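In this text the structure is predicted, and so the values were computed from the model without any measurement. Lettering follows sequence order; numbering is per chain, from 1.
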Amino acid sequence: MIRSILCSVLALSGATTELWVPEVSTLLAQDGDPIEVNIDWLTSVDYRPGMKLPDEILALDGKQVQLVGYMAIGTLEGDESFEFVPESCECGRSKVQHFIDVTLTDDVATFTPGRITLVGKFSVGEVKEDGFVTSLYRLEVERLP
Amino acid sequence: MRGLVGDLLRLSLTLTLVGVIGSGLSAQDTDTDKEIERLFAAALNGRVVIRPQAANRLVALGEEGEARILKELGEDGLGLAAMGPAIIEAIGLCQSNELRGALWPALSNGDFPWRPSVARALAEQPRDTETAAFQLHLDDPLAEVRAAMTRGFGQAEGSLDVLEKKLLDEDDRARQAAALALLDRGQKDVLWYLLEELKREDKYFERPTGTSARITVSRALSKRGLDLAGYDGRKEPTTPANARAIEHLEKSLKGDPPPMTSWQTAGGPISLERIGLELRSCRAGEFFLRWTDDDHLLVGQGNPAVVVLPPGTTRKLVRGLAAGYDGLEGKRFFGAPGCDLEQVLLRRTPSSKSEALVIAKGPAFVPDLRPTPLTEGYAPLIATLPDGESTDPRLQHLLRRVRTALAVLGGSVADLQR
């Protein structure tokens, strides 16, 4: 039922096959369970400043999500935020859609090489400073695992 | 007298008008100049995330923006490296022949620090006159350069035969670029190769490299309007929906799949990995090496090349590398962010999680960057690498190529008696 409603919503919104109409389990988790979101999928979206993101990504705004990835090399010790990326290398991916801006609400960053899992409140949308988009995806996490 | 007064009045009025118009133009020019300088500074030294946006806006200003980059480039073109990757990639969108002309020598210079960015810039808007230049770099040591050159070569109407040969590249990014370029040129049969990418389930330790490939390729195919019959790159290819979609896509192709090498196929499960050594050098290329619990050396990602080692080799290597880790007093990161990366993964016991250690740096050589206990731990690892001729490009003179990469990344590693 939920899936059929979701499909209808996506169809009405003009969603194309590129949006990967999801199985219900990938988008709508049980109450209280975070939604598992693939970081490669999120950060490889075609995007230019000002462009509307796919509805399936916009639907994640405000939700509890779980992401698995890497702290960006260059994370400053003691900072309350860091960039979360799909690979440990930068690998030519330095654009705003290539990372999740993580804010720690009850902790400070300590650079941890290796893959980590984060759960928190996700938000989507352009945040601008001096006319430049400085973040597209944000995740509010209590503390590092 | 009246004539003189009249002339003076006319002159005064003219000067006033010239002044008004002149000052107006100057103000406008000054505003534009200020904006150009603001964008240039942001593209050069701003937060990393805003640099590409600033660079793109600068070149979107047209000739004036391009002139600012030209000024920095200098007559000898030596200013290019200092401008960094964001401005270099934006040059790919410029109309200026002079700017574009500075990119090719930089690509040919093996010591130029931002060669993948140069290659991506050149491939952004390829020109038909550059087909031969693209072809010259199709066998570059850096996979990202090969992938970009393949894209450019395909768009510049390069030979289909040459593109078909690139389907044999050892790196999945370059192979995907070749297959997509051929698809764009109407060669539908290359979908057989891309279907192998959609079937990938491989991991590099915990990193789901197969999932990344599936997402990249399925997105590229959807973008080209191909109906993927409900295939979802985020899910394993064995899920019922994805298996049905793959079957549907295979049936849509005529004939049988072409013969493929091992590295062109999705491959199967691998044994438990105990040690991983990932080297990414912006000059010497990339290497993905793993030693498994059952004494196999795996070379490459995806479906890796397999070298059988003498029994007991991996456990001995694990003990040696663990001692190296223990000599570092818990420190797991060395250096500073940059295009060079060396990442070691160690699983101390078959059931433990891998422990990562990272060494990173920019393009400049940093003497003794790798700590001595780690360098000592590497020597027995690389002594297991083959160094002979091989029909498998991943194994061809592997030892000497890895040695070169290690030397430029964190410093030379001593030769152990083999």
Checklist outcome for this item: Of the listed B:Ile50, B:Leu357, B:Val48, the one with the largest count of heavy-atom pairs under 4.5 Å with chain A is B:Ile50
Item to check | salt bridge (Lys or Arg N to Asp or Glu O under 4.0 Å) assessment of A:Glu56 paired with B:Arg234 | outcome: CA-CA 13 Å; A:Glu56 196 181 353; B:Arg234 291 170 294 184; 3.2 Å; yes
Checklist outcome for this item: Bottom line for B:Gln343: the part with an atom under 4.5 Å from chain A's heavy atoms is side chain
Next on the checklist: Between B:Ala360, B:Pro208, B:Ala86, who has the most heavy-atom pairs with chain A when the cutoff is under 4.5 Å?
Outcome noted: B:Pro208
Item to check | Salt-bridge contact B:Asp140-B:Arg146 (side-chain N to carboxylate O under 4.0 Å) | outcome: no
Item to check | Heavy-atom proximity to chain A below 4.5 Å, by part of B:Ser117 | outcome: neither
Checklist entry - Pick from A:Val141, A:Leu104, A:Leu76, A:Thr110: which one makes a side-chain contact (heavy atoms from CB on, under 4.5 Å) with A:Phe82? => result A:Leu104
Next on the checklist: Is B:Pro116 close to chain A through its backbone or its side chain, or both, or neither, when contacts mean heavy atoms under 4.5 Å?
Outcome noted: neither
Next on the checklist: Taking side chain as everything from C-beta outward and backbone as N, CA, C, O, which of these in B:Arg332 sits under 4.5 Å from a heavy atom of chain A? Side chain, backbone, both or neither.
Outcome noted: both
Item to check | Proximity breakdown for A:Val68 and chain B, heavy-atom pairs closer than 4.5 Å | outcome: neither
Checklist entry - Which residue out of B:Arg47, B:Arg38, B:Arg57 racks up the most heavy-atom pairs below 4.5 Å with chain A? => result B:Arg57
Next on the checklist: Around atom CG of A:Asp130, are there more than 12 heavy atoms from other residues, nucleotides or ligands closer than 6.0 Å?
Outcome noted: no
Checklist entry - Who wins among B:Arg280, B:Glu206, B:Glu278, B:Glu286 for the most heavy-atom pairs under 4.5 Å with chain A? => result B:Arg280
Checklist entry - Would you find more than 12 non-hydrogen atoms of other residues, nucleotides or ligands less than 6.0 Å from B:Glu329 atom CD? => result no
Next on the checklist: Is it true that, when you exclude B:Lys353 itself, more than 12 heavy atoms of the residues, nucleotides or ligands shown sit nearer than 6.0 Å to its NZ?
Outcome noted: yes
Next on the checklist: Heavy-atom cut-off 4.5 Å, strictly under: side chain, backbone, both or neither for B:Ala54 against chain A?
Outcome noted: both
Next on the checklist: For A:Asp46, is there an ion pair with B:Lys223 - N to carboxylate O distance below 4.0 angstrom?
Outcome noted: yes
Checklist entry - Checking B:Thr211 against chain A: side chain, backbone, both or neither under 4.5 Å from a heavy atom? => result side chain
Item to check | B:Arg200 and B:Asp172 ion-paired at < 4.0 Å | outcome: yes
